[in-house]
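The basis for the numbers below is simple: all heavy atoms, side chains too, and nothing from hydrogens, waters or symmetry mates. Protein chains get the first letters and strands the later ones, always in sequence-line order, with residue 1 at the start of each.
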Amino acid sequence: MLKKISNIGDCGITCDFGDEVDKKTNKEVIKLFNFIKLSVKDKKIKGILNYTPSYNKLIINFDLGEVKSKEVIEFIKNNDYSKTIFSEKNKLVEIPICYDEEFALDIKRLEEKTKLNFDEIVKEHLNTDFFVYMIGFVPGQPFLGDLKKNLYHDRLDTPRVKINRGSVGIVEKFCTIYTFESPGGWNIIGKTPLNLFDIKKNQPSILSPGDSVKFKSITKKELLTFKNA
Amino acid sequence: MPNYFKILRPGINSTFQDLGRFGLQHLGIVPSGCMDKSLFYLSNKLVGNKISQGALEFAYQGPLLELTGESVLAAVSGKVNFNIINKNGEIKKGASNESFILFSGDKIDIISTINSVYGYFSIFGGFRLEETKESISTLVRAKIGSNNGEKLKTNEKIFFNTSKRESKKNKFEFNFEDNNTIRVMQGLQFDYFSKKSQGDFFSKEYKVTRLTDRMGMRLEGEKIENIKSKNIKSEGITKGSIQVPGDGQPIVLLSDHPTIGGYPKIANVITADYDKLVQKTPESKLKFKLVDLSVAESAFQLYTKKINSF
């Protein structure tokens with residue numbers, strides 16, 4: 001449930017859905033996100049520049065020359081967004097992943113920590129029905145959940161300086177995919193050859209907040225010969 | 001024959017920018033766009049362009065460019081030291097915030113910004129730039145936008161279309177606001193910080209450090225003490241937010257900020273003072289003043305009036 005709306009400076013508001021980071025809360029966030037997106041598309045509200053969902057919040061940015069925060073807040077309060085279908089097109093995306101030891105950099109640490117062996121970790125990861133909580137930090141990077149508790153692990157104490165594009169990492173109940181080469185502190189368990197982000201495409205990000213994800217194991221050979229659509 | 005500028009020296013951080021790329025932050029794409037909107041507007045107004053036309057933004061040191069092709073009406077906005085060198089090698093001092101004609105063979109040498117960071121170079125009709133998702137703005141970190149998402153490089157060419165329009169020169173008196181007071185509103189996690197630190201933030205000076213770019217401005221000053229939690233659940237970020245990481249030194253998030261982040265925010269710079277802020281050079285001492293929404297909105301009215309008067 002939407003708990004509170006506050007201003008972020010003079011050209012943004014945040015819609016706060018409480019402190020929980022779980023699918024139930026995030027689905028409410030995504031509902032409002034979809035509602036705002038549709039309202040902008042149908043020109044029911046003017047001046048909206050961006051709408052950014054995260055685990056438990058939706059941030060809305062607007063052009064102060066077009067609309068003021070009071071009007072945006074009233075728009076949200078006067079409309080029953082909860083009736084919006086969960087999404088027009090939240091979808092299930094299958095993502096190929098190669099767990100070869102060349103890419104699964106932190107699997108040994110995970111084996112020690114979780115007391116599961118390599119095969120069990122892979123099986124758990126493949127069996128998880130992931131949900132896209134949010135996308136961001138850098139373009140196209142998805143934050144997926146929820147892993148089962150037996151796979152929970154903390155961030156690396158010292159983040160790596162360089163993590164390759166396509167690396168799949170886990171921390172606590174979340175899983176991410178690095179869409180750009182960058183520094184990072186997640187436990188790397190594999191790599192996908194799928195290019196999740198291409199600005200030149202009509203839909204630059206394969207995943208959107210609210211989508212579902214299932215991983216599919218591929219061999220190293222399949223990874224190397226994979227062709228992005 | 002095509003008209004173009006050849007880049008003889010790219011400058012430190014020269015990119016093409018317009019008003020930004022919107023509606024995609026939920027996919028991790030930050031708006032980017034010009035850092036100083038007033039000067040960006042001005043550079044376009046000076047050459048008779050629509051205000052949203054893409055311009056060349058430079059920081060500290062600008063580029064050295066040589067024109068080949070038709071003459072063109074051009075302008076540099078900001079507090080900028082630059083020269084025009086004609087094909088005979090004669091050097092003429094350039095005047096900022098005033099349009100001028102560049103002829104084939106002329107070089108424009110944008111030497112440096114003076115007591116400021118950003119300036120803009122515009123030509124009538126604009127440069128020939130490809131739009132990506134309705135904007136030419138360059139986001140170097142993600143290789144998005146003009147020039148294949150890269151900064152300008154030596155020996156590249158910047159093309160422009162022929163500009164047959166009768167060139168009308170234009171001039172504008174532009175004064176930077178000299179004071180160092182930046183008005184802010186309370187941040188979402190204002191109550192994460194101790195009473196003493198809340199007081200310090202609005203009474204002590206914070207120094208702009210060298211670790212400042214289009215993404216963020218790192219400040220240095222009295223340590224801000226977090227009494228609640230050093231991390232929050234990652235949430236969407238708004239330009240001008242001032243976050244305080246574990247070390248207690250504030251960072252103002254600027255136009256190329258990450259789209260989400262997990263540090264608590266003590267304040268947000270109001271829109272009317274953003275341009276003033278981004279022009280502050282390293283070693284400048286800032287003072288933050290707390291205002292409420294109605295003050296910020298009135299200040300925005302004045303700001304809009306100012307930039308529409310160019």
Looking at A/Asp10 and B/Leu293, would you say the former's side chain and the latter's main chain have a donor-acceptor pair under 3.5 Å?
no
Honestly, the part of A/Asn7 sitting under 4.5 Å from a heavy atom of chain B is both
Supply the atom-to-atom distance A/Ser6 OG to B/Phe190 CZ, rounded to the nearest 0.5 angstrom.
14.0 Å
Separation between NZ (B/Lys233) and CE (A/Met134), nearest 0.5 Å, reads 11.5 Å
So for A/Lys201, is it side chain, backbone, both, or neither that comes closer than 4.5 Å to the heavy atoms of chain B?
backbone
Please report the C-alpha distance between B/Thr259 and A/Val138 in whole Å, then the side-chain angles of each, then the deciding distance to 0.1 Å, and finally whether the side-chain contact (heavy atoms from CB on, under 4.5 Å) criterion is met.
CA-CA 7 Å; B/Thr259 59; A/Val138 297; over 6 Å; no
Atom of A/Asn50, atom of B/Gln25 and distance for their closest heavy-atom approach:
OD1-N, 3.0 Å
Hey, what do you get for CG (B/Leu188) to NZ (A/Lys57), rounding to the nearest 0.5 Å?
5.5 Å
Check each atom of B/Thr132 against the heavy atoms of chain A and say whether the ones under 4.5 Å are side chain, backbone, both or neither.
side chain
For each of A/Gly12, A/Pro204, A/Ser208, tally heavy-atom pairs with chain B at distances under 4.5 Å, and name the one with the top tally.
A/Pro204
Rounded to the nearest 0.5 angstrom, the CD-CG distance for A/Gln203 and B/Leu27 is 8.0 Å
Which bit of A/Ser69 comes within less than 4.5 Å of chain B, counting heavy atoms only: side chain, backbone, both or neither?
both
For A/Phe137, is it the side chain, the backbone, both or neither that has a heavy atom under 4.5 Å from a heavy atom of chain B?
both
To the nearest 0.5 angstrom, please state how far the CD1 atom of B/Ile260 sits from the CZ atom of A/Phe143.
4.5 Å
Check whether more than 12 heavy atoms from other residues, nucleotides or ligands sit under 6.0 Å from atom NZ of A/Lys216, and answer yes or no.
no
When B/Gly240, B/Gly187, B/Gly236 are compared by non-hydrogen pairs under 4.5 Å with chain A, the top option
B/Gly236
How about CG on B/Asn148, more than 12 heavy atoms from neighbouring residues, nucleotides or ligands closer than 6.0 Å, or not?
no
Can you tell me which portion of A/Asp19 sits under 4.5 Å from chain B's heavy atoms? Options are side chain, backbone, both or neither.
both
Stepwise, does the side-chain contact (heavy atoms from CB on, under 4.5 Å) test hold for A/Phe33 with B/His26?
CA-CA 9 Å; A/Phe33 160 74; B/His26 61 286; 3.4 Å; yes
Take a 6.0 Å sphere around OH of B/Tyr206 and say whether it holds more than 12 heavy atoms from other residues, nucleotides or ligands.
yes
Got a sec: does the NZ of A/Lys44 have more than 12 other heavy atoms crowding it under 6.0 Å?
no
Should the heavy atoms of other residues, nucleotides or ligands under 6.0 Å from CD of B/Glu134 be counted, would the total exceed 12?
no
Which heavy atom of B/Ile237 sits nearest to which heavy atom of A/Asn61, and what is that distance?
O-OD1, 4.4 Å
Region of A/Ile135 in contact with chain B, defined by heavy-atom distances below 4.5 Å:
both
Chain B heavy atoms under 4.5 Å from A/Leu58: which part of the residue, side chain, backbone, both or neither?
neither
Answer yes or no: are there more than 12 heavy-atom neighbours, outside B/Arg218 itself, under 6.0 Å from its atom CZ?
no
Quick one: are A/Thr14 and B/Glu235 in side-chain contact, heavy atoms under 4.5 Å?
no
Max heavy-atom pair count under 4.5 Å with chain A, selected residue of B/Ala299, B/Ala142, B/Ala267
B/Ala142
Please report the interatomic distance CZ(B/Arg21) to CG(A/Leu49), rounded to the nearest 0.5 Å.
14.0 Å
Counting neighbours of NZ on A/Lys23 that are heavy atoms of other residues, nucleotides or ligands and sit closer than 6.0 Å, is the number greater than 12?
yes
Looking at B/Glu130, I'd like to know if its CD atom is crowded, meaning that more than 12 non-hydrogen atoms belonging to other residues, nucleotides or ligands lie closer than 6.0 Å.
no
I'd like to know if the side chain of B/Asn268 reaches the main chain of A/Ile8, judged simply by a donor and an acceptor atom lying under 3.5 Å from each other, with no hydrogens or angles considered.
no
